[in-house]
Amino acid sequence: MSRAETMEKNYNPLASEKAIYETWESKGYFHEEPDPARKPFTIMMPPPNITGQLHLGHALQGAVQDAITRYKRMRGFCTLYLPGTDHASIATEVRIIETLAKEGISKQELGREGFLKRAWDWKKQYGGRIVEQLRSLGVSCDWKRERFTMDEGNNAAVVEVFNRLYEKGLIYQGHRIINWCPVCKTALSDAEVEYESQDGHLWHIRYPLEDGSGEIVVATTRPETMLGDTAVAVHPDDPRYAAMVGKMLILPLVGRRIPVVADSYVEMEFGSGAVKITPAHDPNDYEVGQRHGLEQITVMHEDGTMNENAGAYQGMTAQACRKQLVEDLQAQGFLVRVEDYAHNVGTCYRCHTTVEPMLSKQWFVSMQSLADAANREVRAGKTRFIPDRYSRVYFSYMDNIRDWCISRQLWWGHRIPAWHCQDCGEVTVSRTEVTACPKCGGAVRQDEDVLDTWFSSALWPFATLGWPQKTPDLDYFYPTSLLVTAYDIIFFWVARMIFSGVEQMGEVPFPDVLMTGIVRDAQGRKMSKSLGNGIDPLEVIQTYGADALRFALTMGTTPGNDMRYSQEKIEAARNFSNKIWNASRFVLMGLGDAPVKSIDEVELEPIDGWILTRLGRLIREVTDHMEGYELGMATGKVYDFIWSTFCDWYIEWAKQRLYSDDETKKEAVRAVLVHVLERSLILMHPFMPFVTEKIWDYIPGREEGSLIMASWPEDHPLYHRDEDEEAITAAMDIIRAIRNIRAEMKVPQGKRTRVLILPAHQRAAQSLPMNASAMEKLAYAQSVEFITDKQQVPKGAVGNVCDWAEVFLPLEDLVDIEKEKARLGKEREKLSGDIARAEAKLANPGFTGKAPAAVVEKERENLALNREKLTRLDAQLAALEG
RNA sequence: GGGAUUAUAGCUCAGCUGGUUAGAGCGCUACGUUGACAUCGUAGAGGUCGAUGGUUCGAGUCCAUUUAAUCCCACCA
């Protein structure tokens with residue numbers, strides 16, 4: 001019994017995947033050392049957060065990255081697919097605080113040290129979990145080089161970059177309006193604020209002039225900020241207020257004297273045309289305040305409660321303050337009216353609390369020069385976005401870049417390498433621990449804040465290779481070859497990696513950025529916890545296998561476009577993996593004991609030439625698509641070849657020879673079957689690594705090697721020699737013939753009938769009879785007989801014509817003659833329509849003169865064929881009449 | 001306000017640099033236990049490619065306008 005006999009009837013992914021993955025890994029196939037003899041191919045895995053579990057987005061990206069990595073590996077590149085995880089500063093800290101809250105502990109109670117201990121425990125637990133989940137996907141990444149954004153090497157890189165930027169004056173501390181999350185109690189960068197439309201109100205408030213000569217009505221969506229007002233601004237050209245500019249107003253409830261200033265920032269058309277100015281709590285007001293030298297009065301604490309500057313409202317939350325303040329305004333007659341107003345409110349991207357713009361001292365990266373340098377490289381084509389439209393997203397961000405607020409009032413993250421002198425206030429930024437103030441020798445303490453989590457992510461492409469050390473890895477694998485990531489992360493990550501790479505390494509970190517879309521549910525909705533429509537990739541893998549999941553996520557997709565995940569897709573993918581399995585099982589079970597010969601050593605038949613030609617074409621197409629990262633096209637082509645060409649036609653055809661007693665024929669067909677199967681498996685391997693590897697193991701002579709390390713097939717001239725052309729054409733004639741006969745069989749397939757064939761020309765008369773038995777089988781005929789004269793056709797036989805012959809089926813009483821006539825008539829109508837269209841086209845001098853010769857020639861040939869066909873069809877119709 | 005994407009068979013989507021009767025999967029109809037597979041096979045019905053206008057010998061495929069949906073950015077208090 002051959003080993004193939006032991007293959008189960010249906011492929012069972014669960015039983016194989018884990019063991020296959022362990023074999024790959026233990027044999028070291030995922031690991032490469034720098035090899036000067038070969039070209040490197042490097043992909044850095046976007047490190048998943050240690051807060052999460054694997055979701056379909058990871059699965060999609062893993063499938064894409066791994067498919068490309070496996071392809072490149074088989075093409076002979078020295079591949080590195082480097083995995084890792086991200087500490088995800090704020091996201092993780094939020095989650096840990098939540099967990100602590102359940103235990104009734106606060107972050108402060110635990111203290112910094114205790115908190116960090118909890119965080120590292122968390123990292124160990126959840127970081128480990130997501131790594132295991134990635135493994136189950138089958139990604140061939142180099143776990144020996146696995147990294148973490150807060151491991152020793154990355155810490156060193158972060159400190160180095162911070163110091164370098166500081167030394168160049170590109171990192172500074174500034175007192176600025178920043179986005180403050182009152183729940184996370186930290187500053188956020190602009191990119192970390194998400195705007196959402198909220199229904200609110202517009203309060204119109206009366207501000208009287210000090211001299212009693214009148215008043216100005218201002219409108220606000222945040223009345224509580226009026227406690228920090230230090231001016232009212234109007235447009236310089238606004239005639240309504242021209243006389244008031246320079247005068248003083250009395251701030252209601254507070255009694256502070258504030259000036260009326262003129263500033264072109266104000267839109268005359270909006271509201272009353274007058275704006276209250278709160279420099280400490282609004283970015284625009286801050287700008288106005290700067291221009292007019294206004295005082296900045298902060299009225300809120302960092303936790304969102306009102307501070308001592310809020311007078312009577314001190315201690316209240318912002319919401320409570322707003323309510324009380326509006327009541328007071330109302331009572332004292334300052335409130336003119338309230339209207340409903342929908343406006344956009346900034347929220348924290350982690351906890352979705354409304355952020356408060358606040359004046360605060362934070363660390364910033366000065367972006368302009370960094371962005372300029374990066375943009376020069378990208379504009380010069382050093383980095384290409386796929387699809388190209390995403391370069392616009394990149395540029396729209398980078399061309400309007402603002403300084404990056406990098407300090408976070410959190411504990412989990414890279415602590416800012418700056419020390420403050422407690423005596424003289426000197427700030428020392430250093431690569432090493434500072435113990436005393438270098439200026440006055442006073443005691444120092446390290447800055448309490450940590451860095452934006454994206455600060456370290458930005459260094460990922462080179463920090464993971466050992467930078468700032470000059471390592472062989474860095475030298476060989478940098479710049480990386482490709483970045484695969486989702487389009488929603490361009491600002492956070494892609495742009496920052498690019499400018500960091502350009503600044504620190506002197507070149508862009510990757511030439512290509514392949515954007516993936518978002519995986520949505522079957523209804524096209526985003527998957528989210530609140531909707532409960534998330535799909536757990538692990539459950540899918542448990543049920544259908546990782547191959548099916550990966551295939552479902554790549555088949556028929558386009559780079560950068562969103563896709564929907566559905567039950568139907570995963571089932572179709574699973575069915576396909578089973579199809580491959582069974583096709584292979586069939587091929588392998590039919591091999592016998594003799595060693596399989598190479599296709600060069602056997603006698604090929606026309607149909608062999610046909611399948612080998614198709615295979616050659618497939619290899620070229622798939623290779624092209626892989627090179628262009630068109631994975632959806634590549635999978636589609638392989639799918640179609642394996643199922644519709646190889647299985648449906650070649651294997652069915654092969655059975656004739658396989659079951660014959662002719663050993664020469666048997667060894668020929670076995671050679672071709674194995675040849676095509678092996679190459680199909682290789683082409684499929686990047687997308688369905690497990691099932692293909694599993695099958696590979698059953699192929700005689702392949703037991704020792706692993707498919708993952710096989711060479712990508714080259715197209716071979718043998719597959720399309722000129723002398724094969726005739727044979728291939730003949731094979732295609734036969735296929736067309738069989739299709740015709742099948743279509744003709746309107747009767748139940750069980751009732752077999754004779755098939756009479758009258759070849760239309762010499763070529764057909766020669767090639768067709770050779771394959772009579774295959775035709776008989778494939779056309780479900782009782783027999784296939786060749787005739788030389790129409791006289792031999794029995795009366796009442798129905799017929800059909802195709803390019804190469806006329807086919808007659810003596811069905812007599814089995815078919816309704818009238819229906820048959822109608823069908824042929826319909827066919828005739830269509831045919832004459834085609835002929836008329838072609839004639840008109842060829843009569844058009846514009847077409848014959850301007851179109852490429854090949855196109856015109858093809859049109860002519862077709863017309864000739866169709867005319868001939870029409871003649872024969874007419875004859876058949878006439879016969880039916882008689 | 002700016003920018004982008006999508007609109008192709010009942011559903012989900014392909015269709016690259018324009019070239020004959022526009023493809024696939026699922027679903028649907030009819031038939032089929034043919035010595036790999038019912039997670040299967042055979043045949044079939046079903047779109048003229050959102051709308052309008054243009055470029056071209058020729059457009060789903062390029063241009064303009066337009067309609068609808070979605071997304072991103074900015075943000076006027």
Side-chain angles (χ1 to χ4, degrees), chain A residues 4 7 9-11 195 202 218-222 225 233 265-267 269-272 274-278 282 284-285 341 343-344 346 387 389-390 392-393 396-397 400 487-488 490-491 517-518 522 524 544 548 555-558 560-569 571-590 624-625 628 630 632-633 636 639-640 644 647-648 651-652 655 658-659 739 742-750 752 777-780 830-831 833-834 837-838 841 844-852 854-856 858-859 862-863:
Chain A
M7 290 173 79
K9 193 172 157 190
N10 286 322
Y11 172 61
Y195 287 89
L202 202 51
V218 298
T220 181
T221 53
R222 296 191 300 154
T225 62
Y265 148 74
V266 180
E267 299 275 338
E269 291 74 28
F270 188 89
S272 62
V275 188
K276 60 189 267 316
I277 300 297
T278 322
D282 182 280
N284 290 309
D285 292 6
Y341 188 68
H343 60 133
N344 279 338
R389 63 173 184 272
Y390 285 105
R392 287 172 179 248
V393 177
S396 75
Y397 177 69
N400 301 297
Y487 59 74
D488 56 1
I490 291 175
F491 306 139
I518 289 171
Y544 298 96
M555 167 93 171
T557 57
T558 317
N561 281 9
D562 289 355
M563 58 167 300
R564 297 186 193 201
Y565 175 89
S566 67
Q567 187 72 14
E568 289 73 40
K569 275 182 192 164
E571 279 174 12
R574 187 269 319 267
N575 293 353
F576 181 52
S577 67
N578 192 54
K579 186 74 181 178
I580 300 177
W581 176 260
N582 270 290
S584 308
R585 191 163 77 104
F586 172 77
V587 169
L588 299 175
M589 285 194 305
D624 285 349
H625 287 133
E630 296 166 331
M633 294 294 284
Y639 179 95
D640 197 49
S644 309
C647 291
D648 289 352
I651 287 185
E652 290 306 321
K655 286 175 180 173
L658 219 45
Y659 298 145
R739 282 191 185 283
R742 283 174 182 168
E744 196 72 15
M745 300 282 270
K746 290 299 170 199
V747 291
Q749 272 179 30
R752 308 214 159 191
K777 184 95 169 167
L778 293 176
Y780 313 110
K830 199 178 162 202
L831 198 57
D834 285 349
R837 197 168 25 246
K841 210 166 177 180
N844 182 348
F847 176 69
T848 49
K850 292 188 183 177
V855 174
V856 177
K858 206 174 169 196
E859 192 71 41
N862 264 306
L863 178 61

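Residue numbers start from 1 in every chain, and the chains themselves are labelled A, B, ... in the order their sequence lines are given, proteins ahead of strands.
When every heavy atom of A:A4 is checked against every heavy atom of A:L588, the shortest pair comes out as CB-CB, 3.5 Å. The heavy-atom pair separating A:V393 from A:S396 by the smallest distance is O-OG, 3.0 Å.
For the ring-ring contact (aromatic ring centres under 6.0 Å, His included) with A:F576, the qualifying choice from A:Y11, A:W581, A:Y639 is A:Y639, the only one to do so.
Between the CE atom of A:M555 and the C1' atom of B:U12 there is a distance of 12 Å, given to the nearest Å. Between the CE atom of A:M7 and the P atom of B:A36 there is a distance of 13 Å, rounded to whole Å. The nearest whole Å value for the distance from the CG atom in A:N578 to the C1' atom in B:C40 is 9 Å. Counting to the nearest Å, the P atom of B:A36 and the CG atom of A:L658 are 9 Å from each other. For the pair A:I651 CD1 and B:A36 P, the interatomic distance rounds to 10 Å; values are reported in whole Å. Whole-Å rounding puts the A:R739 CZ to B:G41 P distance at 13 Å. Distance CG (A:D562) to C1' (B:U12): 14 Å, rounded to an integer number of Å. For the pair A:L778 CG and B:U42 C1', the computed distance is 11 Å after rounding to whole Å.
Side-chain nitrogen and oxygen atoms of A:N10 include none within less than 4.0 Å of the OP1 or OP2 phosphate oxygen of B:C40. Taking 4.0 angstrom as the limit, A:Y397 places none of its side-chain polar atoms (N or O) nearer than this to OP1 or OP2 of B:G2. Here A:K777 does not reach the OP1 or OP2 of B:G35: none of its side-chain N or O atoms lies under 4.0 Å away. A:R564 has a side-chain polar atom (N or O) that falls below the 4.0 Å cut-off from OP1 or OP2 of B:C13. Residue A:K9 places no side-chain N or O under 4.0 Å from the OP1 or OP2 atom of B:U39. Taking side-chain N and O atoms only, A:R742 has a distance below 4.0 Å to OP1 or OP2 of B:A43.
Between B:C11 and B:C28, the two C1' atoms lie 12 Å apart (nearest whole Å). Here the separation of B:A9 from B:G60, taken at their C1' atoms, is 14 Å to the nearest Å. Here, B:U61 and B:A14 have their C1' atoms 13 Å apart, quoted to the whole Å. For the C1' atoms, the distance linking B:G47 with B:A24 amounts to 14 Å, nearest Å. Straight-line distance between the P atoms of B:G23 and B:U48: roughly 14 Å, to the nearest whole Å. Taking the C1' atoms as reference points, B:C62 lies 25 Å from B:U70, given to the whole Å. Spacing between B:C26 and B:A43 at atom P, rounded to whole Å, works out to 15 Å. Between B:G19 and B:G15, the two C1' atoms lie 14 Å apart (nearest whole Å).
Within 4.0 Å (heavy atoms only), A:G556 reaches sugar-phosphate atoms of the nucleic acid but no base atom. A:D488 comes within contact range of no nucleotide atom at all, as no heavy-atom separation falls under 4.0 Å. Contact annotation for A:N844: backbone-only contact, meaning every heavy-atom pair under 4.0 Å involves sugar-phosphate atoms and none involves a base. Base contact: A:K579 has a heavy atom under 4.0 Å from a base atom. Using a 4.0 Å heavy-atom distance criterion, A:P852 is classed as a base contact. Looking at heavy-atom distances under 4.0 Å, A:Y659 makes contact with a base. Across all strands shown, A:A572 has heavy atoms under 4.0 Å from sugar-phosphate atoms exclusively, and none from any base. In this structure, A:N561 reaches the sugar-phosphate backbone alone: every heavy-atom distance under 4.0 Å involves primed, P, OP1 or OP2 atoms, never a base.
Nucleotide B:G58 forms a pair with no other nucleotide shown, judged by Watson-Crick or G-U wobble geometry with both contacts under 3.5 Å. Searching all strands for a Watson-Crick or G-U wobble partner of B:A30 with both distances below 3.5 Å returns B:U42. Across all strands shown, B:G35 has no partner, as no Watson-Crick or G-U wobble contact with both distances under 3.5 Å is found. Within the shown strands, nothing qualifies as a pairing partner of B:G47 under the Watson-Crick or G-U definition with both distances less than 3.5 Å. A 3.5 Å limit on both hydrogen-bonding distances identifies no Watson-Crick or G-U partner for B:U21. Base pairing of B:A7: its partner is B:U67, meeting the Watson-Crick or G-U wobble criterion (both donor-acceptor distances under 3.5 Å).
Comparing B:A43, B:U12, B:U5 by their nearest atom to the side chain of A:R389 picks out B:U5. Closest to the side chain of A:T558, out of B:U34, B:G15, B:U12, is B:G15. Taking only side-chain atoms of A:N575, from C-beta outward, the nucleotide of B:C40, B:U42, B:G15 with the closest atom is B:C40.
Interatomic distance, A:R837 CZ to A:N862 CG, rounded to the nearest 0.5 Å: 11.5 Å.
For B:U39, the base has a donor-acceptor partner in the side chain of A:R574 [N/O atoms by modelled type, under 3.5 angstrom]. In this model, a side-chain donor or acceptor of A:E652 finds a partner on the base of B:A36 within 3.5 Å.
Nearer the 5' end of RNA chain B, as judged by each residue's closest nucleotide, is the contact made by A:E568, out of A:E568 and A:N582. When each of A:S577 and A:K655 is assigned the nucleotide of RNA chain B bearing its nearest heavy atom, the one mapping closer to the 5' terminus is A:K655.
Cation-pi check for A:K655 over A:F586 is met; the charged atom lies under 6.0 angstrom from the ring centroid and within 45 degrees of its normal.
No side-chain donor-acceptor contact under 3.5 Å links A:D282 and A:T278.
The aromatic rings of A:Y341 and A:F270 sit perpendicular to each other, their planes meeting at more than 60°, with 30° as the lower class boundary.
Under the 4.5 Å side-chain criterion, counting only non-hydrogen atoms from C-beta, A:N561 is not in contact with A:T557. You'll find the side chain of A:T220 stays beyond 4.5 Å of the side chain of A:V275, heavy atoms only. A heavy-atom distance below 4.5 Å is found between the side chains of A:K276 and A:T225.
Judged purely by atom type and a 3.5 angstrom limit, A:R742 uses its side chain to pair as donor or acceptor with the backbone of A:L778.
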Contact letters for nucleotides 63-77 of chain B, in which S counts primed atoms plus P, OP1 and OP2 and B counts the base, heavy atoms under 4.0 Å: ----------SBBBB

